[in-house]
Amino acid sequence: MTTDIRITLAVQKSGRLSEDSLRLLRECGFEFNGGLASSRLRASSSNFPLDLLFLRDDDIPRYLADGVVDVGIVGQNTLVESNGTASECVEVVEELGFARCRLAIAVPRGVEYKSLEDLRGKRIATSHPHILRAYLERLKIDAHIHEISGSVEIAPSLGLAEAICDLVSSGSTLVSNGLKEVERVFDSQAVLAANSSLNEGQRELLDKMLFRVRAVQRARNNKYVLLNAPNEALDRIISTLPGIKSPTVVPLAKAGWSSVHSVMNEDEFWEKIELLREAGAEGILIVPIEKMIV
Ligand code: ATP
Ligand code: MG
């Protein structure tokens, strides 16, 4: 009775992960009757056996560990922070590349800071006490961890702590609170995590979801390239643009010229464009890819 098997996915109800999580689900082709308004607490897909639950991000690891939800989209920081309770029951199945941030230690701008030794015996305010404790223990620094659940940046100015350990992306919040970043503790991004004891049917559903997620991710990281080149430049161009299997080469109406179509990774984009121009390529078009299955 495979038709009865469904999978429940937790996403953050409202916050930094919400928009990108829902966009990923839309790009994967999952449709939801009535849309995905932020006021909803749950939703069921009309074209895949998938139910969504909208939760606070801090609750997602616990729900995953308890098997209340089968999969979830959550920050690595939140997952690792809660791992005291969830580690054996929850596995990361895919890194999603959004909500990138770092957990960093910061001190007031005017304070002279040379090394971690300067934090010995000091109070550090954080909402990530487990990650911070593990980090300090590994580096043998004895400091007092002062756990608070939010607005960590103001702790030093309130006299609550000498330093903070908080999530940073651009660093502008630190600057506007008179703080400077001094140590990088943990790098984070959003991940797809799953309960490790899914049944066979649910595993199959998870694999189907992952297949779509990977096609979307791959498409985001790659571009479709079209260019014209004189035939004598083709060998160099083809070795620069190997594509998925090999590039498509079609003759142009103009004698001695061809059009080359291929796929290129976003990371090597500018470097490759230069090589292509040096080789004699002209009229280079770069087109986004919607889905990519290899
Ligand atoms: P909730 O109400 O769901 O508990 P929250 O206030 O705890 O939300 P958000 O501020 O929405 O959480 O952050 C969610 C996640 O977004 C963080 O746990 C982290 O993984 C990621 N994130 C990315 N950049 C940042 C940043 N600059 N500051 C904080 N979190 C960030
Ligand atoms: Mg939270």
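Counting convention: from 1, in listed order, for ligands and their atoms alike.
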- Message: Using 0.5 Å steps for rounding, measure from the CD atom of Q202 to the CG atom of N195.
- Response: 8.5 Å
- Item | Side chain, backbone, both or neither: R56 near ligand 1, heavy atoms under 4.0 Å | both
- Under 4.0 Å, heavy atoms only, figure out whether ligand 1 is touched by the backbone of C101, its side chain, both or neither. side chain
- Task: Look only at interatomic distance and state if S188 has a nitrogen or oxygen under 3.5 Å from any nitrogen or oxygen of ligand 1.
- Result: no
- Message: If you consider just the N/O/S atoms, which atom of D57 is the closest one to the Mg ion (ligand 2)?
- Response: OD1
- Task: Would you mind naming the N, O or S atom of D58 nearest to the Mg ion (ligand 2)?
- Result: OD1
Suppose we measure from [atom] to each protein heavy atom; which comes out shortest, and what is that distance?
atom                    : result
atom 8 (O) of ligand 1  : Q12 NE2, 2.9 Å
atom 27 (N) of ligand 1 : S169 OG, 2.7 Å
atom 14 (C) of ligand 1 : D57 OD2, 3.3 Å
atom 17 (C) of ligand 1 : L167 CD1, 3.7 Å
atom 16 (O) of ligand 1 : R16 CB, 3.6 Å

- Nearest heavy atom to atom 4 (O) of ligand 1, choosing from T173, V168, D58, belongs to D58
- Task: Could you name the option among V152, V191, N77, I60 that has the heavy atom nearest to atom 18 (O) of ligand 1?
- Result: N77
- Item | Working for salt bridge (Lys or Arg N to Asp or Glu O under 4.0 Å), residues E274 and R277 | CA-CA 5 Å; E274 269 179 35; R277 291 186 62 216; over 6 Å; no
- Message: Protein heavy atoms near atom 6 (O) of ligand 1, is at least one of them under 4.0 angstrom away?
- Response: no
- Query: Are V92 and F211 connected, step by step, through hydrophobic side chains (Ile, Leu, Val, Met, Phe, Trp, Tyr) whose heavy atoms are closer than 4.5 Å?
  - Reply: no
Numbered atoms and elements of ligand 1 in range of [X], under 4.0 angstrom, heavy atoms:
X   : answer
G75 : 20 (O)
T78 : 18 (O)
G15 : 11 (O)
A99 : 23 (C)

- Message: Tell me every residue that passes side chain to side chain contact (heavy atoms under 4.5 Å, CB included) with A281, counting only those two or more places apart in sequence or in another chain.
- Response: L227, I237, L276, I284
- Side-chain ion pair, R23 and D20, N-O less than 4.0 Å: yes
- Query: Taking NZ, NE, NH1 and NH2 as the nitrogens, is one of them in E117 or R120 under 4.0 Å from a carboxylate oxygen of the other?
  - Reply: yes
Is [Y] close to [X] at the side-chain level, that is, under 4.5 Å between some pair of heavy atoms?
X    : Y    : answer
I105 : Y135 : yes
Y224 : I286 : no
F48  : L25  : no

- side chain to side chain contact (heavy atoms under 4.5 Å, CB included) between L192 and L96, intermediate numbers included: CA-CA 7 Å; L192 189 68; L96 298 175; 4.3 Å; yes
- With respect to E27, which candidate in R218, R212, R220, K291 satisfies the salt bridge (Lys or Arg N to Asp or Glu O under 4.0 Å) definition? R220
